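This report refers to the structure that appears directly beneath it.
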Amino acid sequence: MLLHIVARGRIGRGPEAELVSRYLDRVAWPTRVTELPDRGGRVPPPATSSVTIMLDEKGAALGSVAFAGRLGRWRDDGVREARFLIGAADGFDDEARRQADLLISFGAMTWPHMMARAMLAEQLWRATSIIAGHPYHREG
């Protein structure tokens, strides 16, 4: 299953970009990052069988094991692409939220978009590690 991050804003070559690259390079599943301008630009069309996960302040705060469980179930159910949408500074409107299959949040605090991208990349690495039985994730 392709893990596809679709994010508003250009990350450039700063420390956030290094973190995103560091974690995504570790993921054994195929990954893609699509950057869109802050305004305008088109979200690429989804694969035939895909789920859309939106990072949103109104989303569920899933634990890492629960997040891994969702990814694993989607993969096992034949989903070809998991699309993770990261919005611009104003986030998403209600219509966009309704179109998502899942809304997730990294907590009640507001995070800069570039940090949210790095945090998502780390959670994708962590989730795929949990699914593979790798010892990276430790609970408790």
Side-chain angles (χ1 to χ4, degrees):
M1 177 170 71
L2 172 66
L3 304 174
H4 187 177
I5 299 172
V6 181
R8 293 275 173 193
R10 307 268 185 229
I11 200 165
R13 294 185 180 180
E16 298 92 347
E18 183 181 322
L19 278 173
V20 170
S21 179
R22 180 182 307 165
Y23 286 115
L24 291 182
D25 287 347
R26 295 176 184 175
V27 176
W29 300 14
T31 63
R32 178 182 304 151
V33 176
T34 300
E35 292 185 325
L36 300 172
D38 287 334
R39 289 186 170 76
R42 293 184 181 223
V43 174
T48 303
S49 172
S50 67
V51 292
T52 299
I53 303 96
M54 189 174 286
L55 274 65
D56 188 83
E57 65 186 5
K58 296 180 180 183
L62 297 178
S64 296
V65 172
F67 179 61
R70 294 254 183 140
L71 280 181
R73 279 191 301 280
W74 288 327
R75 181 202 59 187
D76 294 346
D77 288 343
V79 171
R80 297 178 55 111
E81 178 186 30
R83 296 159 37 98
F84 297 88
L85 303 183
I86 302 174
D90 292 330
F92 298 101
D93 62 23
D94 289 335
E95 175 60 27
R97 286 185 189 102
R98 282 191 291 276
Q99 293 177 15
D101 296 294
L102 176 65
L103 300 176
I104 59 174
S105 169
F106 288 139
M109 292 182 177
T110 302
W111 294 98
H113 291 85
M114 299 308 162
M115 287 299 300
R117 197 181 309 187
M119 292 163 56
L120 175 59
E122 192 280 338
Q123 283 300 303
L124 291 172
W125 158 241
R126 184 177 297 274
T128 56
S129 296
I130 290 167
I131 292 166
H134 188 280
Y136 176 69
H137 179 73
R138 294 181 294 278
E139 264 202 27

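Given the structure is predicted, the values throughout are model-derived calculations rather than measurements.
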* To do: Would you give the length of the straight line joining atom CG of D94 to atom NZ of K58, rounded to the nearest 0.5 angstrom?
  => 5.0 Å
* Structure fact -> Interatomic distance, CZ@R80 vs CE@M1, rounded to 0.5 Å, equals 12.0 Å
* **Residues in salt bridge (Lys or Arg N to Asp or Glu O under 4.0 Å) contact with E122, at least two apart in sequence or another chain** => R126
* To do: Might you point out which heavy atoms bring D38 and G9 nearest each other, and give the distance in Å?
  => OD1-CA, 3.3 Å
* Asked: Which pair of non-hydrogen atoms, one from I131 and one from A68, has the smallest distance, and what is that distance?
  -> CD1-O, 3.4 Å
* Members other than V43 in its cluster, when Ile, Leu, Val, Met, Phe, Trp, Tyr link by side-chain heavy atoms under 4.5 Å? -> V6, L36, M54, L85, F92, L103
* Can you run down the side-chain hydrogen bond (donor to acceptor under 3.5 Å, both in side chains) pairs that involve residues 22-37, sequence neighbours left out, and say none if there aren't any? => H4-T34, E18-R22, S21-D25, E35-R117
* Structure fact -> Q123 and F67 have their tightest heavy-atom pair at O-CE2, 3.8 Å
* Atom CD1 of I5 and atom CD1 of I86: how far apart are they, to the nearest 0.5 Å? -> 6.0 Å
* To do: Kindly compute the distance separating CD1 (I53) from CG (L71), expressed to the nearest 0.5 Å.
  => 7.0 Å
* Asked: Any salt bridge (Lys or Arg N to Asp or Glu O under 4.0 Å) pairs touching residues 45-56, not counting sequence neighbours?
  -> D56-R97
* Structure fact -> The side chain to side chain donor-acceptor pair (under 3.5 Å) partners of R98 (sequence neighbours excluded) come to E95
* Structure fact -> Taken in chain and number order and not counting sequence neighbours, the residues that satisfy side-chain contact (heavy atoms from CB on, under 4.5 Å) with A116 are L55
* G59 versus S105, closest heavy-atom pair with distance -> O-CB, 3.5 Å
* CZ/R83 to CG/L3 distance, rounded to the nearest 0.5 angstrom? -> 13.0 Å
* **Residues that E57 engages under salt bridge (Lys or Arg N to Asp or Glu O under 4.0 Å), provided they are two or more places apart** => none
* Structure fact -> Sorted by chain and number, sequence neighbours left out, side chain to side chain donor-acceptor pair (under 3.5 Å) with D76 holds for none
* Asked: Between R8 and G41, which heavy-atom pair has the shortest distance, and what is it?
  -> NH2-O, 3.8 Å
Donor-acceptor pairs under 3.5 angstrom involving side-chain atoms of residues 106-114: please list them, not counting sequence neighbours.
from: W111; atom 1: NE1; to: F106; atom 2: O; distance (Å): 3.4
from: H113; atom 1: NE2; to: G87; atom 2: O; distance (Å): 2.9
from: H113; atom 1: NE2; to: A88; atom 2: O; distance (Å): 2.7

* Asked: How far does CD of Q99 sit from OG1 of T52, to the nearest 0.5 angstrom?
  -> 8.5 Å
* Return the minimal non-hydrogen interatomic distance between G78 and S49, and the atom names on each side. => O-OG, 3.4 Å
